Structures are given as C-alpha cells and as structure tokens.
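Worksheet for the structure shown next.
Small disclaimer: the values here were computed from a predicted structure and weren't measured.
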Amino acid sequence: RLADELRRDTLRSVSGTGGHLGSGLGVVELTVAIHAVFDTPRDKLIWDVGHQCYPHKILTGRRERMNTLRKENGLSGFTKRDESPFDPFGAAHSSTAMSAGLGFAVARDLGGDPGDVVCVVGDGAMSAGMAYEAMNNAGALGRRLFVILNDNNMSIAPSVGALSDHLASVYARQPVQDVKAVMKDFVSLLPPPLQEGAQRARRAVKGLVQGNTLFEQLGFTYVGPVDGHNMAHLLTLLRTLKANADGPVLIHAMTRKGCGYQPAEASADKYHGVSKFDVVTGEQVKGSPKAPSFTRVFADALSSEAERDERIVAITAAMPSGTGLDHFAKRFPRRCFDVGIAEQHAVTFAAGLAAGGMKPFCAIYSTFLQRAYDQIVHDVALQRLPVRFAIDRAGLVGADGPTHAGAFDIGYLASLPGFVVMAAADEAELLDMTATAAAYDDGPSAFRYPRGEGTGIELPDRGRVLPLGKGRILQEGRKVALLSLGARLAECIDAAAQLDARGFSTTVADARFAKPLDTDLLEDLHSRHEVLITIEEGAVGGFGSHVLHYLSDRGLLGGGAHVRCMTLPDRFIAQAAPDRMYEDAGLSADRIVDVALQGFYQSEKQEDRRVFNVVSMS
C-alpha cells in the first residue's frame, strides 16, 4: 500500500513541476524496501545520477516541498548534501555511486561515520569505465558494501554495449533469483515452485563467464536476478543480506522504467525527463515553440554537411535525443555511434576516427564533456587531431541547476594549444560554425551553443565557412565597446540601446572565436573607445582572460580603453529559470549597462589623475 501511495505521490509531484519521471517510478518498491530494512541516514543510501531519487525525497521529510522541485529556492532535481542528511552524497553525473560508496565503507572501517552503505546504480551507468574501476577496487578491498543494480535495460536511451546484452541474457532465460554464497539458505525460504527456478537461474548465471558472473570475477557476491517490483521478495532478500553479508554484494534487480504509469511504460525514453503533464492523459504541457531549438538546428546542419561529405561521422555518449543526433542517425545510421555513458571513450574513439581519415563530430553537453578532459588533452589536442566538439547546453541551463551548467568549457578548451574555440550567438552562426568545423582539418575545434529555442531568425540553406579567428561588428559607436562571445549578444544589443539613450555611443561586436582571438578587432576596439567590456557565458579564466593577456603582452593596458570582463561569478549559480539565473550571475542587459557606466566613470577618474600628475610635474 505504501508503494502504491508513493507512486501516486511521485506522479502528482512531477506532473506539477516537471522533472525526471520514468526512472523514479521504476524504483518505488526498491525505495520502500531499502528504507524499511536499512537505518537511514545512519546507513548511507547513495543514488547514482539521482534521476530516480524523487520517491526517496518524498519518504525522507521533503514531501511537503515537492511542489518546489527544480524551482528557484526549491528542492534540487538530484541528491544534494546540504538539502537533507538523507542525501549523504550529491550526484547528477552518472557512475559515481560505487566509488563514493566504497569511500564511505572504508571511512566507516577506519573509525569514521558508522552504518552500512547501499548504492543504487542504473544499468545504463554500467557502460561507464568508472563503475568498473570502483567494482574492481571494492572487490579487492573486500569491504562490506551493498550495490543494487537497477536493471531496466534503459539509461536515457536504450542501453548499449556488451554489458546490457549480458544482463539481458541472464534475465531472459530465467525469471527469478540466483542466490549465491550467503544466500544458500535463502533458497529454502522461497515458496516451493520458486525453489527450482532459483536453482536453475543460479546455474544459468554461473555458466556465463568462465564459471562465474562478471561481478563475481570482480570480487562481488552476485545475487539475482530478482524482481524489483516484488516487495515480499525484496524485503526478505535485503533483510537476509543485511544480517549475513561480510563483503561486497551486488543485487541484480529487474525493474520497469515508468512502472505503474502506462504512458511512461509505453514511452520510457520520452518520459525520462518531462515538462508538466496531465496525469490522466499523460499529455505534456508545452508552449508552442517560437523557433527551432539550437539542438535541432545543429542536427540539421550536421546532416546537411554529411550529405556533402561522406567522411563526416557523429558520436554521442548515451544522449542521441538530447544532442539531436537521433535525427542524424535516421539519415546516416552507419555513421552515427552511441557509445553509452562513456565520455572518455567517446573522445578517444573520435580521435581514432580522425586519425583514420574520418571527420568526427563529438556531440556532448558541456557539463558531461568535463568527464573526458584528459582524453581531450592527451588523445586529441597533443596529437593535433581534427576532432570537432559540438558543445550543447553551454552557459546556464535552468532547472537542472549548477551540476549541469556549461560554465567551464571556454576556459578548459581555450587553454589548450592549437584548439579552435567558437561560440554561436544565434542559429545562423551555429550553421556557420558547423560548416567551419567540417572544413577545418588542421587540428581540433569546438563550437558551443545554448539550450532551448533560438532567436527565430531566418536561416539559409547551408552555413558559411567563417574566416578563422575573425569577429564582426554589428553597430558602431565611439565611447563604449561591448565585445560579446556567444549567446549574450542579444543582451549586449539591448544594453547598447540603453547606453545610446543616455548619450554613451556604443559599439557592439561579436567575437565568434575565443581562440584564435581576432586581435585586429580587439586592438581596434581598444584604441577607439573609452571603455571596452567583454561578455561571455563562462567562468573566470575564459575569453576575457585571453583578451586581457593579449592586451597586457602588447603593453596596451596602460592606455586606450578602460577594460572590464564580465563572466559568470566565482560561485555556482543555483537553479532557477534561465533569465533569473543570468540576473543572479550579473549578465543581464541592465547589469552590462551598470558595468559600462562604472567603467566610464573609472576611465574619467584615471584621465583626471593622469592630467593632475602631468600638471604637478610641470
């Protein structure tokens, strides 16, 4: 009854706020069983990624606040340490739970926080190498640790790779439990019709990998497959394991994503993340788009380039629909590769494709590309391989909050020798940058673009190849120069109108390239204006830092324009609507005006001091 109520409550909450739905519905019984058997928060419950944590939040004192989920000043859509003692470890990226869980287990054994450790890991997360690194270490250390493999044969898209085939072959042959090691006596507790089935499942599993399961080879006691929606079996199993386990245990639970809600069960991919919806019909409440999304514009642009060049291939890390590559895959199925939640592999795989003569486009969200930074440096940049990085969700992303913000890619890519880094101000530039990346073969390149709808401008049939490292001037002025990189350009134009109205004639320029810098444009703006402001949707250390470094190296900071750099602040920006997040970050048009006026005032004070010093010396 509690599970049924919890499922209804989860549906009611998410229908009003939007968020991750299918994965949470699939773990309702697991959530109830875990909290019934284990003493949280003394026992540590760690959810991998956190997509499936909404039922957990409802059960742990946050039910009355679920209407604030993913909203400004509300509950996070993921687990978050400072939100509740029942969230011992924050997670919004995949495949971290077992590493963190092993850390808790070792800390416990060394005299740290007491209690058991339970990690709930989706089968999609098992496509990431980090999961196996953690399992290998946990098996070697032999610490008491419970890992529940939530196997619904889905991540965000259908799970790929040999592991999913392995798991599917296990549960397709036999319906119920394999009970190993501490579970030998548990077979006798099953109803007689299930005892023989459990023995058959055990025999089937043991024959798959040289006499043991893959998990047993890594040092875990493997228990399963078990029906993840059968409360009686889950409770008996978890209680028996809690009483008897003395090392790492992996419980293989079979679940259905979206369980108990027909629209989600029928379309698990679309109901992974949802907007507000009608519970009765399942129809999602979405406003009519005014313009195609940047993601769709990129997908169409890449498909257009691929029609002309058969060497173009595309790679995604378990996000075909999120990156738009599902559309590309329909047209070019042999040239599109979903490698699973394995960004490190995706980048080096793309490097190999480039070295082999292909033109790979690696389409990954900015926040997820961070997971592959060593591969970007060592396998791509160091070898000057022409891998093209299409970086979606650049800048602040709204309800997903700081864990998914694309705040750092300008800094971590533009610092690499030989890297071309572009940022699209609108859809037309995204077309151009896709074409530019396709044409550029002399080394790695990247172009970043924001989440959501475009500006609605009319688009040409195909993008133009941009001159490398060259920006553009949109309007000319005399006193203030606004040099924008990326999607803040519209705010700069708004700010320029406000400044012009106050008598401060303003130039607006679009840098387009963070690297290589358009040094001719930069020196021109610096010499002709009293104030020069750079604006970017990235952290300190990005485009503005490169501008200052160039001007400083040329000895230009002592004269010419007073220079200010506007970036995301040196803190993480809390979840809210994107416009509110940019206001909080100080990157709105009004704030650009304020900074320009401050810079102009400081420039006048510096000139007054210079004149005073000259007069005094005379």
Side-chain angles (χ1 to χ4, degrees), residues 20 22-24 26-27 46-53 77-79 89-101 119-136 147-168 214-215 218 250 252 255 257 268-270 272-273 295 314-326 329 336-350 360-376 379 389-393 397 400 403-404 406:
H20 295 99
S23 49
V27 297
I46 303 173
W47 298 93
D48 198 273
V49 183
H51 292 153
Q52 68 275 54
C53 71
F78 306 98
T79 53
F89 197 79
H93 286 188
S94 166
S95 314
T96 63
M98 285 188 281
S99 295
C119 306
V120 183
V121 181
D123 65 310
M126 297 298 290
S127 60
M130 187 174 178
Y132 295 96
E133 295 172 20
M135 289 184 69
N136 182 58
V147 176
I148 298 175
L149 176 59
N150 172 34
D151 184 2
N152 55 34
N153 202 34
M154 293 283 292
S155 51
I156 293 175
S159 297
V160 296
L163 179 72
S164 285
D165 293 340
H166 168 68
L167 296 180
L214 172 64
F215 311 111
L218 291 173
L250 187 135
H252 184 178
T255 63
K257 197 169 186 179
D269 184 20
K270 293 180 181 178
H272 169 77
T295 300
I315 301 101
T316 178
M319 297 292 289
S321 60
T323 58
L325 291 190
D326 53 342
C336 190
F337 303 93
D338 182 354
V339 302
I341 305 176
E343 291 84 3
Q344 292 171 301
H345 164 62
V347 170
T348 305
F349 174 51
F361 278 76
C362 199
I364 300 179
Y365 292 3
S366 173
T367 184
F368 297 143
L369 191 60
Q370 296 163 184
R371 295 161 62 97
Y373 190 59
D374 181 64
Q375 286 68 34
I376 296 170
D379 299 333
F389 293 94
I391 305 175
D392 204 332
R393 271 58 168 185
V397 296
D400 280 338
T403 59
H404 282 58

Item to check | Which atom of V339 lies closest to which atom of A346, heavy atoms considered | outcome: CG2-CB, 3.7 Å
Next on the checklist: So, taking the atom named CG in D392 and the one named OG1 in T323, what distance separates them when rounded to the nearest 0.5 Å?
Outcome noted: 7.0 Å
Item to check | Gap separating the CG atom of L325 from the OG1 atom of T295, nearest 0.5 angstrom | outcome: 9.5 Å
Checklist outcome for this item: Tightest non-hydrogen contact, residues S127 and A342, listed as O-CB, 3.6 Å
Next on the checklist: Testing the basics here: between P360 and I315, what is the closest heavy-atom pair and its distance to 0.1 Å?
Outcome noted: CB-CD1, 3.7 Å
Item to check | Residue pair D123 / N152, side-chain heavy-atom distance below 4.5 Å | outcome: yes
Checklist outcome for this item: d(W47 CH2, T79 OG1) to nearest 0.5 Å is 10.0 Å
Checklist entry - Is V147 close to M135 at the side-chain level, that is, under 4.5 Å between some pair of heavy atoms? => result no
Next on the checklist: Looking at T403, is its backbone amide N or carbonyl O close enough to the side chain of T367 to form a donor-acceptor pair, meaning the two atoms are under 3.5 Å apart?
Outcome noted: yes
Item to check | Point-to-point distance, once rounded to the nearest 0.5 Å, from CD of E343 to CE of M130 | outcome: 11.5 Å
Item to check | Over all atoms of both residues, closest heavy-atom pair of T348 and Q375 | outcome: OG1-CG, 3.1 Å
Next on the checklist: How close do V121 and A125 get, counting heavy atoms only, and between which atoms?
Outcome noted: CG1-CB, 3.8 Å
Checklist entry - Counting distance only, does the side-chain N/O of Y132 pair as donor-acceptor with the main-chain N or O of M126 below 3.5 Å? => result yes
Next on the checklist: Given 3.5 Å as the limit, does a donor-acceptor pair link the side chain of D338 with the main chain of A318, or not?
Outcome noted: yes
Checklist entry - With under 30° as parallel and over 60° as perpendicular, where do the rings of H20 and F78 fit, or are they tilted in between? => result tilted
Checklist entry - Going from CD on E133 to CE on M98, what distance comes out if it is rounded to the nearest 0.5 angstrom? => result 10.5 Å
Checklist entry - Side chain of D48, backbone of S94: donor and acceptor closer than 3.5 Å? => result no
Item to check | I341 backbone acceptor or donor facing R371 side chain under 3.5 Å | outcome: no
Checklist entry - Stepwise, does the side chain to side chain contact (heavy atoms under 4.5 Å, CB included) test hold for L369 with I376? => result CA-CA 9 Å; L369 191 60; I376 296 170; 3.7 Å; yes
Checklist entry - Say you draw a straight line from CZ of F368 to OG1 of T316; how long is it, rounded to the nearest 0.5 Å? => result 10.0 Å
Checklist outcome for this item: All heavy atoms of G77 vs all of C53, minimum pair found to be O-SG, 4.1 Å
Item to check | Any residue meeting salt bridge (charged side-chain N to carboxylate O under 4.0 Å, His left out) with D379, in chain and number order, not counting sequence neighbours | outcome: none
